[in-house]
Amino acid sequence: MLFRSAGKYGVTMTPEDVSLLRGRNYESGRRAFLERFGAGFPYDDMSAEVWREVEARLEHSVPLRPGLFELLDALRARNCKMAVASSTDSARVLHNLETAGVRGYFSAVIGGDQVTHSKPEPEIFLKAAAALDTPPGLCMVLEDSYNGVRAGAAAGCFTVMVPDMDPPTPEMERLAWAIVPGLTDVARLLEQTDLQKR
């Protein structure tokens with residue numbers, strides 16, 4: 001989708017270019033994109049086009065990763081407080097959580113419009129930890145983007161990468177406490193881990 005939209009404006013994007021944007025909020029992504037492709041690029045027009053298509057797709061159905069409900073139920077059974085810390089604007093995040101039927105699992109939702117410094121800066125995870133009244137070093141962050149892993153590590157959180165579109169790299173292996181294939185593996189990881197003794 002982003003590749004196609006960028007092409008309309010005369011830009012050929014690589015997977016690395018997309019990864020540069022993934023996990024950032026709007027303003028941070030805008031700055032990164034203009035730095036990469038030039039200050040004259042119509043980023044706002046392209047972004048609006050992409051978001052119209054995204055929102056149309058997510059209006060009535062949100063794709064869920066396998067094992068999501070099993071993991072959420074396992075965390076709830078352990079009395080774990082949960083938060084969403086997404087670079088997407090909070091209104092969109094809340095809509096997607098409601099549509100997916102998972103809003104009730106989360107005590108706090110922090111969107112990209114609620115922070116000054118987007119991922120890869122740690123602010124959003126520090127805010128989420130504060131909302132849960134839990135020290136960052138006792139929080140587990142689940143991330144699929146490079147910028148998210150960087151932010152979780154910078155916040156001092158117990159950061160686990162669950163890759164999706166971004167494959168693990170040596171940097172991610174260095175920053176993440178663990179890299180697991182899917183959400184079902186996270187539940188097993190929790191069974192073997194005592195964050196209090198980290």
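Keep in mind the model is a prediction, meaning the values are calculated, not measured.
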Stepwise side-chain contact (heavy atoms from CB on, under 4.5 Å) check, E171 with V149: CA-CA 10 Å; E171 180 195 9; V149 172; over 6 Å; no
Steps toward side-chain contact (heavy atoms from CB on, under 4.5 Å) verdict (E121, R150): CA-CA 7 Å; E121 298 299 320; R150 291 169 184 139; over 6 Å; no
Steps toward side-chain contact (heavy atoms from CB on, under 4.5 Å) verdict (L34, F41): CA-CA 7 Å; L34 295 183; F41 186 83; 4.1 Å; yes
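Of the possible donor and acceptor atoms, none in the side chain of N96 sits under 3.5 Å from a partner among the backbone N and O of V93. A donor-acceptor distance shorter than 3.5 angstrom exists from the side chain of R103 to the backbone of F106, with no hydrogens or angles considered. Side chain of E98 to backbone of H95: no donor-acceptor contact under 3.5 angstrom is found. A donor-acceptor pair under 3.5 Å links the side-chain atoms of Y146 to the main chain of P167, judged by distance alone. Between the side chain of E143 and the backbone N or O of T159 there is no donor-acceptor pair closer than 3.5 Å.
Closest heavy-atom contact between I110 and A128: CG1-CA, 4.0 Å. Closest non-hydrogen pair, R24 versus P120, comes out as NH1-CD, 3.8 Å. Across all non-hydrogen atoms, the minimal contact from A100 to F69 is O-CZ, 3.7 Å. Across all non-hydrogen atoms, the minimal contact from F125 to A155 is CB-CB, 3.9 Å. Considering all non-hydrogen atoms of both residues, D166 and S145 come closest at OD2-CA, 3.7 Å. What you find for D144 and V162 is that their closest heavy atoms are CB-O, 3.2 Å.
In the hydrophobic clustering of ILVMFWY residues, with side-chain heavy atoms under 4.5 Å counting as a link, M140 and V102 come out together. V160 and M82 fall within the same hydrophobic cluster, where Ile, Leu, Val, Met, Phe, Trp and Tyr residues are linked whenever their side-chain heavy atoms come under 4.5 Å apart, directly or through other members. Taking hydrophobic clusters as Ile, Leu, Val, Met, Phe, Trp and Tyr residues chained together by side-chain heavy-atom distances below 4.5 Å, V186 shares a cluster with L72. The hydrophobic clustering, which links ILVMFWY residues whose side-chain heavy atoms are closer than 4.5 Å, places L142 and V84 together. If you chain together hydrophobic residues whose side chains sit under 4.5 Å apart, M161 and L190 never meet in one group.
Taking 4.5 Å as the limit, every side-chain heavy atom of Y105 sits out of range of all side-chain heavy atoms of L68. The shortest side-chain heavy-atom distance between L126 and E123 does not fall under the 4.5 Å cut-off.
Rounding to the nearest 0.5 Å gives a distance of 13.5 Å between NZ of K81 and CG of L75. Here CG of L97 is found 11.0 Å from OG of S90. Values are rounded to the nearest 0.5 Å. I179 CD1 to T169 OG1: the interatomic distance, rounded to the nearest 0.5 Å, is 7.5 Å. Taking CG from L132 and CG from L138, the interatomic distance works out to 11.5 Å, rounded to the nearest 0.5 Å. We find the NZ-CD1 distance between K119 and I124 to be 5.5 Å, quoted to the nearest 0.5 Å. Of the inter-residue distances, the one linking L94 atom CG with D89 atom CG reads 11.0 Å to the nearest 0.5 angstrom.
Counting heavy atoms of neighbouring residues, nucleotides and ligands inside a 6.0 Å radius, atom CG of D133 does not exceed 12 of them.
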